[in-house]
Participant: 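Got a structure for you, written out below as structure tokens; questions coming shortly.
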There are 2 protein chains.
Amino acid sequence: MDELDSEIVRLLQTDARQSNRELARTLGIAPSTCLERVKALTRRGVIRGYHADISLPALNRGVQALVSLQVRPLSRTVINRTKEDVSRMAEVISIFVVAGGDDLVLHVGVQDLDHLHAFLVDGLSKRKEIAGFRTSVIFQQVHNTVLSRLDDPDE
Amino acid sequence: MDELDSEIVRLLQTDARQSNRELARTLGIAPSTCLERVKALTRRGVIRGYHADISLPALNRGVQALVSLQVRPLSRTVINRTKEDVSRMAEVISIFVVAGGDDLVLHVGVQDLDHLHAFLVDGLSKRKEIAGFRTSVIFQQVHNTVLSRLDDPDE
DNA sequence: AATGAAAGCCCCGCTAC
DNA sequence: GTAGCGGGGCTTTCATT
């Protein structure tokens, strides 16, 4: 994981569909070297995949929220079952399993506030294992590029 | 935005680097048609880009957390300035501007718990405009594919 | 909108250095 | 790690329907 690898990771985060040739040109290295690096990064699990970034408003999900919730009884089984159940709901974009005041945090996206209300009241409140939740409506989201390793004396 | 467009969006979310030809084969349409659809989706802003999915542990960020914080005084200016300041911190992966009990939620990734502590104490607590925060350490994250539009009687 | 043909570009294994 | 080569596959445009 040297400077070149970090740069490859950074560039592929910004644009995952650029060709290997273009990537190599930007980095000033031979395409074969570049391809080898990308394959090695993939093999080592640094690059896990490539995903299209989809506009949620364009898919009729203009309203997003973070929903922090607590489950009871608090056990591995209940956490996992709740996680799997909510992951099947179309409104749920991603799920964090956390520790702190909350047990799960859901990132949800829905058409409008009426549907958010329906999701909370009909989708979550009815589940006995969900003891409580708190909703924060999202106004903006900013994504940061993960630049490289944080400073690390080793390696 | 018909059934075919939804399927393209779904497939590119799963694997953004598959070739246009492969995409067309899966959908049972001609490559030129498929390309035209993808371009139209991009032009209309449905597809916003393509990003490599990078393993945070591989980049020496094994510890992730959600940090919910409040700013004071609560004004557009202070929210925006805080958002921009924290977005420059290497530890911050993404930022949500929200309403509810909190004003901002940060997704952070750091090497270990010592660095998390340092980030909170040295990075956040020192800022006068940050009135308080609450930290939830992340154990797992599950990403859901956004399948398509949610049901919408129009269109 | 969708298609097929065609020209050009890219990928990638191979080779040699 | 770099450079060049070549077959096969892919991208992309365009006339046609």
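Here is how names work: the chains are called A, B, and so on, in the same order as the sequence lines, proteins then strands, and each is numbered from 1. This is a predicted model, so every value here is computed, not measured.
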Participant: Using side chain to side chain donor-acceptor pair (under 3.5 Å) as the criterion, list what pairs up with A:Gln18, not counting sequence neighbours.
Facilitator: none

Participant: Test: side chain to side chain donor-acceptor pair (under 3.5 Å). Region: residues 23-32 of chain B. Which pairs qualify, not counting sequence neighbours?
Facilitator: none

Participant: What residue among A:Val86, A:Val92, A:Leu120 forms side-chain contact (heavy atoms from CB on, under 4.5 Å) with A:Val67?
Facilitator: A:Leu120

Participant: Can you measure B:Gln18 atom CD to C:dC11 atom C1' for me and round it to whole angstrom units?
Facilitator: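 Between C1' of C:dC11 and CD of B:Gln18: 17 Å.
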
Participant: Please find the pair of heavy atoms, one from A:Gly45 and one from B:Ala58, that lie closest to each other, and give the distance.
Facilitator: O-CB, 4.4 Å

Participant: Applying salt bridge (Lys or Arg N to Asp or Glu O under 4.0 Å), can you list everything that pairs with A:Asp102, at least two apart in sequence or on another chain?
Facilitator: B:Arg134

Participant: Between B:Glu22 and A:Gly28, which residue's closest nucleotide on DNA chain D lies nearer the 5′ terminus?
Facilitator: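 Nearest nucleotide further toward 5': that of A:Gly28.
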
Participant: Filter on salt bridge (Lys or Arg N to Asp or Glu O under 4.0 Å), then keep only pairs touching residues 71-89 of chain B, sequence neighbours left out; what's left?
Facilitator: B:Arg72-B:Asp103, B:Asp85-B:Arg88, B:Asp85-B:Arg127

Participant: Taking only residues two or more places apart in sequence or in another chain, which ones pass side-chain contact (heavy atoms from CB on, under 4.5 Å) with A:Arg43?
Facilitator: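 side-chain contact (heavy atoms from CB on, under 4.5 Å) list for A:Arg43, sorted by chain: A:Glu36, A:Lys39, A:Ala40.
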
Participant: Hydrophobic clustering (ILVMFWY, side-chain heavy atoms < 4.5 Å, transitive) - are A:Val146 and A:Tyr50 grouped together?
Facilitator: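 Linked, A:Tyr50 and A:Val146 end up in one cluster.
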
Participant: With heavy atoms under 4.0 Å as the rule, sort B:Thr33 into base, sugar-phosphate or nothing.
Facilitator: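 Contact class for B:Thr33: base.
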
Participant: Residues two or more places apart in sequence or in another chain: which of them pass side-chain contact (heavy atoms from CB on, under 4.5 Å) with A:Asp114?
Facilitator: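 By the side-chain contact (heavy atoms from CB on, under 4.5 Å) rule, A:Asp114 matches A:Asp112.
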
Participant: Contact between B:Met1 and A:Leu59 at the side-chain level, heavy atoms closer than 4.5 Å - yes or no?
Facilitator: yes

Participant: Rounded off to whole Å, could you give me the CG-to-P distance for the B:Leu27 and C:dA1 pair?
Facilitator: 16 Å

Participant: Can you list everything that forms a side-chain contact (heavy atoms from CB on, under 4.5 Å) with B:Leu113? Sequence neighbours excluded, please.
Facilitator: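 With sequence neighbours excluded, B:Leu113 shows a side-chain contact (heavy atoms from CB on, under 4.5 Å) to B:Val63, B:Leu116, given in chain and number order.
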
Participant: To the nearest 0.5 Å, tell me how far A:Leu23 CG sits from A:Leu12 CG.
Facilitator: 5.0 Å

Participant: Take the protein atom CZ of A:Arg25 and the nucleotide atom C1' of C:dC9, then report the distance between them rounded to whole Å.
Facilitator: 11 Å

Participant: Measure the distance from CG on A:Asn20 to C1' on D:dC10 and round it to the nearest whole Å.
Facilitator: 15 Å

Participant: Can you pull out the residues from residues 46-53 of chain A that lie within a 4.0 Å heavy-atom distance of DNA chain D?
Facilitator: none

Participant: Can you tell which of D:dC10, D:dT12, C:dC11 lies closest to the side chain of B:Pro31?
Facilitator: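 The answer is D:dT12, which lies nearest to the side chain.
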
Participant: Polar atoms only, N or O, under 3.5 Å: list the protein pairs with nucleotides 15-17 of chain D and their distances.
Facilitator:
none

Participant: Under the side-chain contact (heavy atoms from CB on, under 4.5 Å) rule, collect the residues that match up with B:His143, sequence neighbours excluded.
Facilitator: A:Ser94, B:Gln141

Participant: What one-letter contact string describes nucleotides 3-9 of chain D from 5' to 3', where B marks a base within less than 4.0 Å of any protein heavy atom, S marks contact via sugar-phosphate atoms alone, and - marks no contact?
Facilitator: -------

Participant: Going by number, which of residues 35-42 of chain A have a non-hydrogen atom under 4.0 Å from DNA chain D?
Facilitator: A:Arg37

